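Reviewing the structure listed below.
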Amino acid sequence: SEKEIVIPEGVTEIDAYVFQYNNLTGVTFPDSLVSIGERAFFYCTSLTELVLPDSLMKIGESAFKYCDNLRSINIGSGLKQMEIFAFGECNGLTDIQVSEENENYKSEDGVLFSKDGKELILYPAAKEVQEYAIGSDVTTVAYAAFANASNLASVSVPKSVTSIGAWAFAKASLSEVTFAGDAPTFESDIDDSGYDWGKGTFAGVTATGYYPEGYKSWTEELMQDIGSDMTWEEYELPGVAVSGTITSWEQDSDAEYLLYDSQWSYAEIRADLALETPQLALSAGTGGAVSSGSGGSYEQTFTFDGVEAGT
């Protein structure tokens, strides 16, 4: 039968598997609680809300996995570690909130992030939003972060994102996903025995993936690996002309051209242009088009073509 429970004060740990497959409708946690074990509330499908105390420091792997009717989570100030799939397959989840005093996690518009905002950890699967733009502070999208997102039709991934975890968008209801820069590193799901389950990034997704023209990191092999059921299309970045003077350039071991000038740093130029040859990005100025060669030093007026405004 369905029931609510109150865990008494003084309890510091909830062991693994203790309440799995239970018809709990609610749980009141004590302020003494420090850790929740692996699969402790696994498949508790009648839970609808969690309020986790400030004392809680660790949530184990799959602790609340398959709690399908869980709608909201409130995380206290003390949480330091949340293991993989702690809230996996909670497909009714609409909102995650975090105490502002928590030093490791934060919530932005109901989405869970690391405190510094660099890792997007979990997007609530039932969040009632159709379009979502990942912020430019984010560098990592975590394992299964957008998995099963049932209302999400469109996601934009900024060039700041350099790593995307396994199953990140698996079974999401996406119709399109747009990448703004080079292909991130797409992580594989490797279990404790060393078995590689694959990347699964867009498993079960039939969306159209868009990537910017001229970025060589987007290969046919990669696109098949991360989303074999998807359609992939190049798009042209909006152009903006930026004048400057090249002072030197050289060819590196990957046959890419590294450009140096008085206004732009080498790193910005290389990342934004992803050059195959300088001619692809430089139009003729007062000195004419740049020609390939072994390197050298000269001055040249140029314009950038195909670079996003503001970069």
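Atom set for the values below is all heavy atoms of this structure, side chains included, hydrogens, waters and symmetry mates excluded. This one's a predicted model, so the numbers in the text were calculated from it and none came from an experiment.
Heavy-atom neighbours of Met223 CE from other residues, nucleotides or ligands within 6.0 Å: above the threshold of 12. In this structure, Gln81 places its CD atom where more than 12 heavy-atom neighbours from other residues, nucleotides or ligands lie under 6.0 Å away. Under a cut-off of 6.0 angstrom, the local environment of NZ in Lys118 is sparse, with at most 12 non-hydrogen atoms contributed by other residues, nucleotides or ligands. At most 12 non-hydrogen atoms from other residues, nucleotides or ligands lie less than 6.0 angstrom from CD of Glu131.
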* Using the side-chain contact (heavy atoms from CB on, under 4.5 Å) rule, take Glu213 and Glu234 through it: C-alpha gap first, then chi angles, then the decisive distance, then the call. => CA-CA 5 Å; Glu213 184 179 18; Glu234 278 188 324; 4.0 Å; yes
* Test side-chain contact (heavy atoms from CB on, under 4.5 Å) on Lys171 and Glu89 and set out the steps. => CA-CA 11 Å; Lys171 296 186 289 184; Glu89 304 287 345; 4.1 Å; yes
* To do: May I have the step-by-step check of side chain to side chain donor-acceptor pair (under 3.5 Å) for Ser163 and Glu187, ending in yes or no?
  => CA-CA 7 Å; Ser163 176; Glu187 306 293 345; 3.1 Å; yes
* Intermediate values then yes/no, side-chain contact (heavy atoms from CB on, under 4.5 Å), Thr28 and Glu4 -> CA-CA 8 Å; Thr28 300; Glu4 295 187 13; 5.9 Å; no
* To do: Could you please spell out the steps behind the side-chain contact (heavy atoms from CB on, under 4.5 Å) verdict for Val155 and Tyr123?
  => CA-CA 12 Å; Val155 171; Tyr123 180 95; over 6 Å; no
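For Ser217 (side chain) and Ala183 (main-chain N/O), a donor-acceptor pair under 3.5 Å exists by modelled atom type. At distances below 3.5 Å, not a single donor-acceptor pair connects side-chain atoms of Lys127 with backbone N or O atoms of Ala149. In this structure, Asp54 contributes its side chain and Gly78 its backbone to no donor-acceptor pair below 3.5 Å. Side-chain atoms of Ser99 come within 3.5 Å of backbone N or O of Glu101 as a donor-acceptor pair. Asp196 places no side-chain N or O within donor-acceptor distance of the main-chain N or O of Ile190, the cut-off being under 3.5 Å. Although no hydrogens or angles enter the test, the distance criterion places a donor-acceptor pair under 3.5 Å between the side chain of Asn104 and the main chain of Leu79. Put simply, the side chain of Ser46 never gets that close to the backbone of Asn69: no donor and acceptor are under 3.5 Å apart.
Only one option out of Tyr66, Phe19, Phe87 pairs with Phe41 in a ring pair (Phe, Tyr, Trp, His ring centres under 6.0 Å); it is Phe19. With Tyr43 as the fixed residue, the ring pair (Phe, Tyr, Trp, His ring centres under 6.0 Å) test singles out one of Tyr17, Tyr21, Phe64: Tyr21.
For the residue pair Gly200 and Ala170, the shortest heavy atom distance occurs at O-CB, 3.8 Å. The two residues Ala203 and Trp167 come nearest to each other via the heavy atoms CB-CZ3, 3.8 Å. Minimum heavy-atom separation, Leu112 to Ile96: CB-CD1, 4.0 Å. Considering every non-hydrogen atom in both Glu49 and Leu70, the closest pair reads N-CD1, 3.5 Å. Taking each heavy atom of Gly135 and Pro158 in turn, the nearest pair found is O-CG, 3.5 Å. The minimum heavy-atom distance linking Cys90 with Ala125 is given by the pair O-CB, 4.0 Å.
Taking the six-membered ring where tryptophan is involved, the planes of Phe169 and Phe146 are essentially parallel, since the angle between them stays under 30° and well short of 60°. Ring planes of Phe85 and Tyr143: perpendicular class, angle over 60° (limits at 30 and 60°). Note on ring orientation: taking the six-membered ring where Trp is involved, the planes of Trp232 and Trp218 are tilted (angle from 30° to 60°).
Summarising the geometry, atom CD1 belonging to Ile73 is positioned 10.5 Å from atom OG belonging to Ser107; distances are rounded to the nearest 0.5 Å. Atoms CZ and CG, on Phe202 and Leu174 in that order, are 7.0 Å from each other to the nearest 0.5 Å. The OH atom of Tyr105 lies 11.0 Å from the CG atom of Leu122; values are rounded to the nearest 0.5 Å. Taking CD1 from Ile121 and NZ from Lys106, the interatomic distance works out to 10.5 Å, rounded to the nearest 0.5 Å. For the atom pair Asn148 CG and Asn91 CG, the distance stands at 4.0 Å (nearest 0.5 Å). In this structure, OG1 in Thr178 is found 11.0 Å from CD1 in Ile134, a value given to the nearest 0.5 Å.
Follow the hydrophobic side-chain contacts under 4.5 Å out from Ile59 and you reach Val27 in the same cluster. Both Ile164 and Val177 are part of a single hydrophobic cluster, where members link through side-chain heavy atoms under 4.5 Å apart. A continuous path of hydrophobic side-chain contacts links Phe113 to Val157 [ILVMFWY only; heavy atoms under 4.5 Å]. Grouping the Ile, Leu, Val, Met, Phe, Trp and Tyr side chains by contacts below 4.5 angstrom, directly or via other members, places Phe186 with Tyr210. Criterion: ILVMFWY side-chain heavy atoms under 4.5 Å apart, direct or through other members. Under it, Ile14 and Val51 are not part of a common hydrophobic cluster.
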Could you tabulate the donor-acceptor pairs under 3.5 Å formed by side-chain atoms of residues 30-37, not counting sequence neighbours?
from	atom 1	to	atom 2	distance (Å)
Ser32	OG	Gly10	N	2.8
Ser32	OG	Val11	N	3.2
Ser32	OG	Val11	O	2.7

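Residues satisfying the side chain to side chain contact (heavy atoms under 4.5 Å, CB included) criterion with Glu61, sequence neighbours excluded, are Glu38, Glu83, Ile84.
Considering only heavy atoms from C-beta on, Ser154 stays 4.5 Å or farther from Tyr132 through its side chain.
Checking Gln97 against Ser72 by side-chain atom types alone, no donor-acceptor pair falls below 3.5 Å.
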